[in-house]
Amino acid sequence: MFLGLDLGTSGVKALLVDDAQRTVAVGHGTLTVQRPRPGWSEQNPDSWIDAVQAAIAEVRKAAPRAFAALRSIGVSGQMHGATLLDDRDRPLRPAILWNDGRSAEECRILEERADFRGIGGNIVMAGFTAPKLEWVRRNEPENFRRTRRVLLPKDYVGLWLTGRHVSDMSDAAGTLWLDVSKRDWSESLLEATGLNRSHMPDLVEGSEQAGILRTDLASEWGVGPVVVAGGAGDNAATACGLGITAPGEAFVSLGTSGVLFTVADRFATNTRDAVHSFCHAVPETWHQMGVILSAADSLNWLSEITGQSPAALIALVDSELSAPSPITFLPYLSGERTPHNNPDATGSFLGLKRDQGLKEMTQAVLEGVAFALDDCRRAIEKGGVEFNTAWVAGGGSQSETWLRIVATVTGLTLKVPQTGTQGAALGAARLGMAAAGFENPFLCPTTGMVVEPQPDLIEPYRTRQRYFREAAPSVTQQTP
């Protein structure tokens, strides 16, 4: 048996699978986010352990005999969170999360201090770990002085599981301290934030062994020796859950945010268009990722202000599309990353007329998200990575209408998994299987549906897309 743990922002999922990767049991633990000031986002690291224990307890209760045969654990997690530990491995303060925006000034400072873009492969953004530590150094000097180790959220869970400080390449790449090409910590990038290698965890590939489950936990759970894998950041784990580990493979996620994820056999960057360039969770592979901050959340926003459920809104849109909406939507409700890199960008409806209503506005929202995802595709392909098909994930992928729009706008053939068991928890379990000696457990799911671009709408959408791109600077350009 193999256990995958997915540490999200709002909760933990535990997934127990057998040798054939069939689901045996699932457990959940809840988490809350603290926001002590506007733009801040924090969690108590020990609440992650409590949530993991709750999720595992559910799995053990549902399948006690199967759990007793546990062979490995893999952990996936929310990326970028700064977890500062003292010399006794106790948290010095709440962890500063990926969606915390307090370190904008520190981003500007670090950009001038070291080659984060060339070595770290990414623009210095407030979401990453390095500027968070610079903020602590400038604003909480005593906490910074007492910091002996900096861990990412899933690696704090790994410390609890194994007693070791270890991270994997995919998650470590999101700190901005990793030399992403060499897959090793960068002395110069660490020095830029007043740190050195002693503050960092050891590095392994996500599919390699990070340690062995602590004997006291093994005894408590009634299991034998259990391998703990290096694991992965959440998007790399999702890719592993979908079997996306070879160059040229890709997936589109229509979750709260939107992600276009592609695999490459070399390190490539396009920081000018805010593409994320990270190591993948398996050896000798990298990935590029375009991120938009309001994908399904754009539809959720329209749902909230109209009192209609997202499903009811999508039902208003003709399932057989004949033309683009007469309205254009710019989906930058929470700012934007790829390609604009402006946290202050804003959303907008353009072209509204008196005789238009909720149907046209909903279709415009679906199209605006598709246009933004195509901006991600173009930005990634500038780095030399080409792809024609992509798997789909996320809640928005349940709408065939939306998938048809995305396929037509991006030119990608979209593949929908037959079942919904894929995801970060399965990817983490698969990484655990690999660490336990299984050869290539990263199988692609069975295809349930293939969505092709709609030929008669390709040119109309290209025309509308040109207007979308011409209008975008009015709400995405940085203000002086």
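Since this is a predicted model, take the numbers as computed values, not measurements.
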K.L.:
Are C279 and V180 packed together at the side-chain level, in the sense that at least one heavy-atom pair is separated by less than 4.5 angstrom?
P.N.:
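Of all side-chain heavy-atom pairs linking V180 with C279, at least one is under 4.5 Å.
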K.L.:
Would you say D6 and S76 are linked by a side-chain donor-acceptor pair, where the criterion is simply a distance under 3.5 Å?
P.N.:
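Note: S76 and D6 side chains meet the donor-acceptor criterion.
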K.L.:
Atom CD1 of I405 and atom OG1 of T410: how far apart are they, to the nearest 0.5 Å?
P.N.:
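Nearest 0.5 Å value for the CD1-OG1 distance: 11.5 Å.
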K.L.:
How about Q465 and V409: do any of their side-chain heavy atoms sit closer than 4.5 Å?
P.N.:
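Yes, at least one pair of side-chain atoms sits under 4.5 Å.
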K.L.:
Side chains of T162 and I212: does their closest heavy-atom pair fall under 4.5 Å?
P.N.:
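Result no, sub-4.5 Å side-chain heavy-atom pair not found.
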K.L.:
With a 4.0 Å cut-off, would you call R183 and E205 a salt bridge?
P.N.:
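Between E205 and R183 there is a salt bridge, with a charged N closer than 4.0 Å to a carboxylate O.
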K.L.:
Throw together a table of side-chain donor-acceptor distances under 3.5 angstrom for residues 253-263, partners on residues two or more places apart or in other chains.
P.N.:
{"residue": "T262", "atom": "OG1", "partner": "Q288", "partner atom": "O", "Å": "3.4"}

K.L.:
Looking only at atom types and distance, does a side-chain atom of R337 sit under 3.5 Å from a main-chain N or O of V291, one as donor and one as acceptor?
P.N.:
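Not a single qualifying donor-acceptor pair exists.
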K.L.:
Residues two or more places apart in sequence or in another chain: which of them pass salt bridge (Lys or Arg N to Asp or Glu O under 4.0 Å) with D184?
P.N.:
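Residues passing salt bridge (Lys or Arg N to Asp or Glu O under 4.0 Å) with D184: R197.
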K.L.:
Give a yes or no on whether the backbone of N122 and the side-chain of R117 come within a donor-acceptor separation of less than 3.5 Å.
P.N.:
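Pair absent, no side-chain N/O of R117 close to backbone of N122.
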K.L.:
Hey, does the side chain of W185 reach the backbone of N196 with a donor-acceptor pair shorter than 3.5 angstrom?
P.N.:
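Pair absent, no side-chain N/O of W185 close to backbone of N196.
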K.L.:
How close do D234 and Q78 get, counting heavy atoms only, and between which atoms?
P.N.:
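Smallest interatomic distance, heavy atoms only, reads OD2-CA, 3.9 Å.
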K.L.:
Test side-chain hydrogen bond (donor to acceptor under 3.5 Å, both in side chains) on N342 and T476 and set out the steps.
P.N.:
CA-CA 6 Å; N342 184 357; T476 60; over 6 Å; no
K.L.:
Taking it one step at a time, do E452 and T413 satisfy side-chain hydrogen bond (donor to acceptor under 3.5 Å, both in side chains)?
P.N.:
CA-CA 5 Å; E452 301 276 2; T413 296; 2.8 Å; yes
K.L.:
Write down the atom of L412, the atom of A390, and the distance for their closest heavy-atom approach.
P.N.:
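The answer is CD1-CB, 4.3 Å.
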K.L.:
Can a donor-acceptor pair be found, under 3.5 Å and without considering hydrogens, that links the side chain of T175 to the backbone of W177?
P.N.:
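Here the side-chain-to-backbone pair exists.
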K.L.:
Salt bridge between E106 and K132, side-chain N to carboxylate O under 4.0 Å?
P.N.:
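No, E106 and K132 are not salt-bridged.
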K.L.:
Are any of the side-chain heavy atoms of L31 and V12 separated by less than 4.5 Å?
P.N.:
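Yes; the side chains approach each other to less than 4.5 Å.
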K.L.:
Answer yes or no for R137 and F144: cation-pi contact, defined as NZ/CZ to six-membered ring centre under 6.0 Å and angle to ring axis within 45°.
P.N.:
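Yes; both conditions hold, so R137 lies above the ring face of F144.
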K.L.:
May I ask you to say whether R377 pairs ionically with E381, meaning some side-chain N is under 4.0 Å from a carboxylate O?
P.N.:
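Salt bridge: yes.
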K.L.:
Could you walk me through whether W391 and T447 satisfy the side-chain hydrogen bond (donor to acceptor under 3.5 Å, both in side chains) test, starting with their C-alpha distance in whole Å, then the side-chain angles of each, then the deciding distance to 0.1 Å, before giving a yes or no?
P.N.:
CA-CA 9 Å; W391 289 94; T447 304; over 6 Å; no
K.L.:
Flag the pair D168 and K154 as a salt bridge only when some basic side-chain nitrogen lies within less than 4.0 angstrom of an acidic carboxylate oxygen.
P.N.:
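Salt bridge: yes.
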K.L.:
So does A281 get a backbone contact from the side chain of S170, meaning a donor-acceptor N/O pair under 3.5 Å?
P.N.:
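Such a contact is absent between S170 side chain and A281 backbone.
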K.L.:
Is it true that a side-chain atom of D273 and a backbone atom of V275 form a donor plus acceptor pair closer than 3.5 Å?
P.N.:
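No; zero donor-acceptor contacts below 3.5 Å.
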K.L.:
To the nearest 0.5 Å, what is the distance between OG on S72 and CG on L3?
P.N.:
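Reported value, rounded in 0.5 Å steps: 8.0 Å.
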K.L.:
Please report the shortest heavy-atom distance between G29 and A55, naming the atom on each side.
P.N.:
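Here G29 and A55 meet closest at N-CB, 3.9 Å.
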K.L.:
Around atom CH2 of W98, are there more than 12 heavy atoms of other residues, nucleotides or ligands at under 6.0 Å?
P.N.:
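Incorrect, the count does not exceed 12.
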K.L.:
Can you establish whether the number of heavy atoms outside N388 located under 6.0 Å from its atom CG is more than 12?
P.N.:
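Not buried by this count: 12 neighbours or fewer within 6.0 Å.
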K.L.:
Identify the heavy atoms of V24 and A66 that sit nearest to each other, and give their distance.
P.N.:
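Closest approach of V24 to A66: CG1-CB, 3.8 Å.
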K.L.:
Is the closest side-chain heavy-atom distance between L457 and L321 below 4.5 Å?
P.N.:
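The answer is yes, as the side chains (C-beta and beyond) meet within the 4.5 Å cut-off.
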K.L.:
Quick check: does any side chain N or O of W48 sit under 3.5 Å from a backbone N or O of G11, one acting as donor and the other as acceptor?
P.N.:
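It does not hold such a pair.
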K.L.:
At what distance, to the nearest 0.5 angstrom, does CE of M169 lie from OG1 of T285?
P.N.:
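That separation rounds to 11.0 Å.
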K.L.:
Is the closest side-chain heavy-atom distance between Y332 and T346 below 4.5 Å?
P.N.:
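Side-chain contact under 4.5 Å: no.
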K.L.:
Can a donor-acceptor pair be found, under 3.5 Å and without considering hydrogens, that links the side chain of H287 to the backbone of P247?
P.N.:
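Answer holds: no.
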K.L.:
Under the criterion salt bridge (charged side-chain N to carboxylate O under 4.0 Å, His left out), I'd like the reasoning laid out for R113 against E191: C-alpha separation, chi angles, the key distance, then a yes or no.
P.N.:
CA-CA 10 Å; R113 201 177 278 172; E191 184 180 352; over 6 Å; no
K.L.:
Answer yes when D374 and R469 have at least one side-chain N-carboxylate O distance shorter than 4.0 Å, and no when they do not.
P.N.:
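Answer for the salt bridge query: yes.
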K.L.:
Charged N to carboxylate O under 4.0 angstrom, R404 versus E400?
P.N.:
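Salt bridge: yes.
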K.L.:
Does R164 use its side chain to pair, donor to acceptor, with the backbone of A210 at less than 3.5 Å?
P.N.:
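Answer holds: yes.
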K.L.:
Which heavy-atom pair separates L176 from I123 by the least distance, and what is that distance?
P.N.:
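Closest approach of L176 to I123: CD1-O, 4.0 Å.
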K.L.:
From S103 OG over to I96 CD1, what is the distance, rounded to the nearest 0.5 angstrom?
P.N.:
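Output value for this atom pair is 7.5 Å.
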K.L.:
Kindly compute the distance separating CD (Q43) from OG1 (T83), expressed to the nearest 0.5 Å.
P.N.:
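Between Q43 CD and T83 OG1, I get 9.5 Å after rounding to 0.5 Å.
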K.L.:
Would you tell me whether Q454 and T408 have side-chain atoms, one donor and one acceptor, within less than 3.5 Å of each other?
P.N.:
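No, because no side-chain N or O of Q454 sits under 3.5 Å from a partner of the opposite role on T408.
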K.L.:
Check the pair T271 / T269 against side-chain hydrogen bond (donor to acceptor under 3.5 Å, both in side chains), numbers first and verdict last.
P.N.:
CA-CA 6 Å; T271 54; T269 65; 5.3 Å; no
K.L.:
For E105, does the CD atom sit with more than 12 other heavy atoms under 6.0 Å from it, leaving out its own atoms?
P.N.:
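Atom CD in E105 is packed in, count exceeds 12.
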K.L.:
Report yes or no: do D89 and H165 form a side-chain donor-acceptor pair below 3.5 Å?
P.N.:
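A donor-acceptor contact under 3.5 Å links the two side chains.
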K.L.:
So which heavy atom on M200 is nearest to which on L195, and how close?
P.N.:
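Residues M200 and L195, closest heavy atoms: CE-CD1, 4.2 Å.
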K.L.:
Going through the distances and angles, do W301 and S294 end up as a side-chain contact (heavy atoms from CB on, under 4.5 Å)?
P.N.:
CA-CA 9 Å; W301 165 79; S294 296; over 6 Å; no
K.L.:
Between E367 and Y461, does any side-chain donor sit less than 3.5 Å from a side-chain acceptor?
P.N.:
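The answer is yes; a qualifying pair exists.
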K.L.:
Are L161 and V75 side-chain neighbours, meaning at least one heavy-atom pair lies under 4.5 Å?
P.N.:
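They are in contact (side-chain heavy atoms under 4.5 Å apart), so the answer is yes.
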K.L.:
Side-chain contact, heavy-atom cut-off 4.5 Å: L333 with D297?
P.N.:
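Answer no - side chains too far apart.
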K.L.:
Could you tell me whether E111 and R108 make a salt bridge, using a distance below 4.0 angstrom between a side-chain N and a carboxylate O?
P.N.:
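R108 and E111: not salt-bridged.
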K.L.:
Quick one: pull up OG1 in T238 and CG in L426 and give me the separation to the nearest 0.5 Å.
P.N.:
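That separation rounds to 10.0 Å.
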K.L.:
Could you verify whether a donor N or O on one side chain and an acceptor N or O on the other, from T401 and S399, lie under 3.5 Å apart?
P.N.:
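Judged by distance alone, the side chains do not pair up.
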K.L.:
Students often mix this up, so state it plainly: with edges at 30° and 60°, are the rings of F468 and F371 parallel, tilted or perpendicular?
P.N.:
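Correct class here is tilted.
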K.L.:
Is the side chain of S397 donor-acceptor paired with the backbone N or O of V392 at a distance under 3.5 Å, no angle test?
P.N.:
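Side chain of S397 to backbone of V392, a donor-acceptor pair under 3.5 Å: no, none is there.
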K.L.:
Enumerate the salt bridge (Lys or Arg N to Asp or Glu O under 4.0 Å) contacts for residues 239-254, please, sequence neighbours excluded, ordered by first and then second residue.
P.N.:
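Qualifying pairs, neighbours excluded: none.
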K.L.:
In terms of heavy-atom contacts, does CD of E459 have more than 12 from other residues, nucleotides or ligands at under 6.0 Å?
P.N.:
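For E459, atom CD is crowded (more than 12 foreign heavy atoms under 6.0 Å).
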